[in-house]
Amino acid sequence: MASTALEIIAFTVSISGWVLVSSTLPTDYWKVSTIDGTVITTATYFANLWKMCVTDSTGVANCKDFPSMLALDGYIQACRGLMIAAVSLGFFGSIFALFGMKCTKVGGSDKAKAKTACLAGVVFILSGLCSMTGCSLYANKITTEFFDPLFMEQKYELGAALFIGWAGASLCIIGGVIFCFSISDNNKTPRMGYTYNGPTSVMSSRTKYQGGEGDFKTTSPSKQFDKNAYV
């Protein structure tokens, strides 16, 4: 029961993290223009992995998709690949988890289900690491440009999507670790205890078979017949 409860908790935590990681891809606010040192604040710039947008004073937003993937900066291409890999790994991890959990009726024997659950945990951990790396790489670029005194272009701050991605990555890693530790109870198989009573003699084994109803009984030696028995 303990391992089953751990698997349910791990599945809930991992799926929640995967949903958060997946929600970061369509989110617009990966980075937001800062107002530090800016006199004109009527326009707000924000961007994600797919487009750049600007909002004027009336609240109308105009967005422009990135025209070419090959013309993008290297960190954006890397973040795209890592986030897509995180979402894909989370999807396969959820499938493996459904087959490996004890509360499901598919997956084969308990030993096979334990291996599948451990595999699901490893896949969720990889998904969380990919998401964590992608968000950290994007945030590192933003902070580097922000604190660079020689960078004279528009500076940005961390957007809400990065914090959502970090939270989802942490949940995926935690759920994956719980999945890996939940199979420890499956390896604890009960062992039969045997007591050594010492060697049994031949006479004791014979008396054991002679005693009790339904047991085998030894027959007494045949009596000697008289000389006139066959007459």
Side-chain angles (χ1 to χ4, degrees), residues 6-32 45-53 63-101 104 106-107 113-146 156-183:
L6 283 177
E7 288 178 350
I8 295 175
I9 294 173
F11 182 76
T12 304
V13 173
S14 301
I15 291 298
S16 300
W18 176 59
V19 170
L20 289 177
V21 171
S22 302
S23 65
T24 60
L25 287 178
T27 304
D28 293 332
Y29 297 96
W30 276 65
K31 62 180 180 179
V32 184
Y45 296 89
F46 56 93
N48 61 3
L49 298 177
W50 317 102
K51 59 185 177 180
M52 174 76 71
C53 300
C63 297
K64 178 183 179 182
D65 296 334
F66 295 138
S68 175
M69 184 183 68
L70 299 178
L72 291 175
D73 294 333
Y75 77 97
I76 296 181
Q77 297 182 16
C79 291
R80 280 184 178 184
L82 288 171
M83 296 306 296
I84 293 174
V87 174
S88 301
L89 288 172
F91 173 77
F92 288 108
S94 61
I95 299 299
F96 292 147
L98 290 175
F99 281 94
M101 294 176 65
T104 58
V106 292
K113 290 173 75 69
K115 293 181 179 180
T116 307
C118 184
L119 178 61
V122 173
V123 173
F124 273 122
I125 292 174
L126 292 176
S127 175
L129 291 176
C130 288
S131 177
M132 186 76 70
T133 305
C135 294
S136 300
L137 182 62
Y138 199 91
N140 179 68
K141 181 66 175 180
I142 295 174
T143 54
T144 301
E145 293 178 352
F146 185 87
Y156 294 88
E157 294 183 358
L158 304 181
L162 295 176
F163 297 99
I164 297 174
W166 281 325
S170 301
L171 290 178
C172 286
I173 294 174
I174 293 173
V177 171
I178 297 176
F179 259 124
C180 292
F181 281 102
S182 65
I183 66 172

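Between C53 and C63, the SG-SG separation falls below 2.5 Å.
For N48 (side chain) and W30 (main-chain N/O), no donor-acceptor pair under 3.5 Å exists by modelled atom type.
Residues L98 and T104 approach most closely at O-OG1, 2.9 Å, considering heavy atoms. The two residues A139 and L162 make their nearest non-hydrogen contact at CB-CD1, 4.0 Å. Between C172 and G17 the shortest heavy-atom distance is SG-C, 3.5 Å. Residue V122 comes nearest to C180 through the heavy atom pair N-SG, 4.1 Å, listed as atom of the first residue, atom of the second, then distance. Across all their heavy atoms, A97 and F124 have their closest contact at CB-CE1, 4.3 Å. Counting all heavy atoms, side chain and backbone alike, V21 lies closest to S131 at CG2-OG, 3.5 Å.
Put simply, the side chain of K51 reaches to within 4.5 Å of the side chain of D28, judged on heavy atoms. With contacts defined as side-chain heavy-atom distances shorter than 4.5 Å, the pair W18/L89 does not qualify. Between K141 and I76, the closest side-chain pair of non-hydrogen atoms is not below 4.5 Å. For the pair F179 and M101, the minimum side-chain heavy-atom distance is below 4.5 Å.
A distance of 10.5 Å separates CD1 in I142 from CG in L137, rounded to the nearest 0.5 Å. Of the inter-residue distances, the one linking L20 atom CG with T27 atom OG1 reads 10.0 Å to the nearest 0.5 angstrom. Between I125 atom CD1 and S14 atom OG the span is 9.0 Å, to the nearest 0.5 Å. Distance check, rounded to the nearest 0.5 Å: SG of C135 to CG of L158 gives 10.5 Å.
Judged by distance alone, the side chains of S136 and W166 do bring a donor and an acceptor atom under 3.5 Å apart.
Under the salt bridge (Lys or Arg N to Asp or Glu O under 4.0 Å) criterion, K115 pairs with no residue at all, not counting sequence neighbours.
Between F146 and Y156, the ring center distance fails the sub-6.0 Å criterion.
Counting heavy atoms of neighbouring residues, nucleotides and ligands inside a 6.0 Å radius, atom CZ of F66 exceeds 12 of them.
Between Y75 and Y138, the ring-plane angle classifies as tilted under the 30° and 60° cut-offs.
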Which atom pairs, one a donor and one an acceptor, fall under 3.5 Å between side chains of residues 78-87 and the rest of the protein, sequence neighbours left out?
from : atom 1 : to  : atom 2 : distance (Å)
R80  : NE     : L49 : O      : 2.8
R80  : NH2    : L49 : O      : 2.8

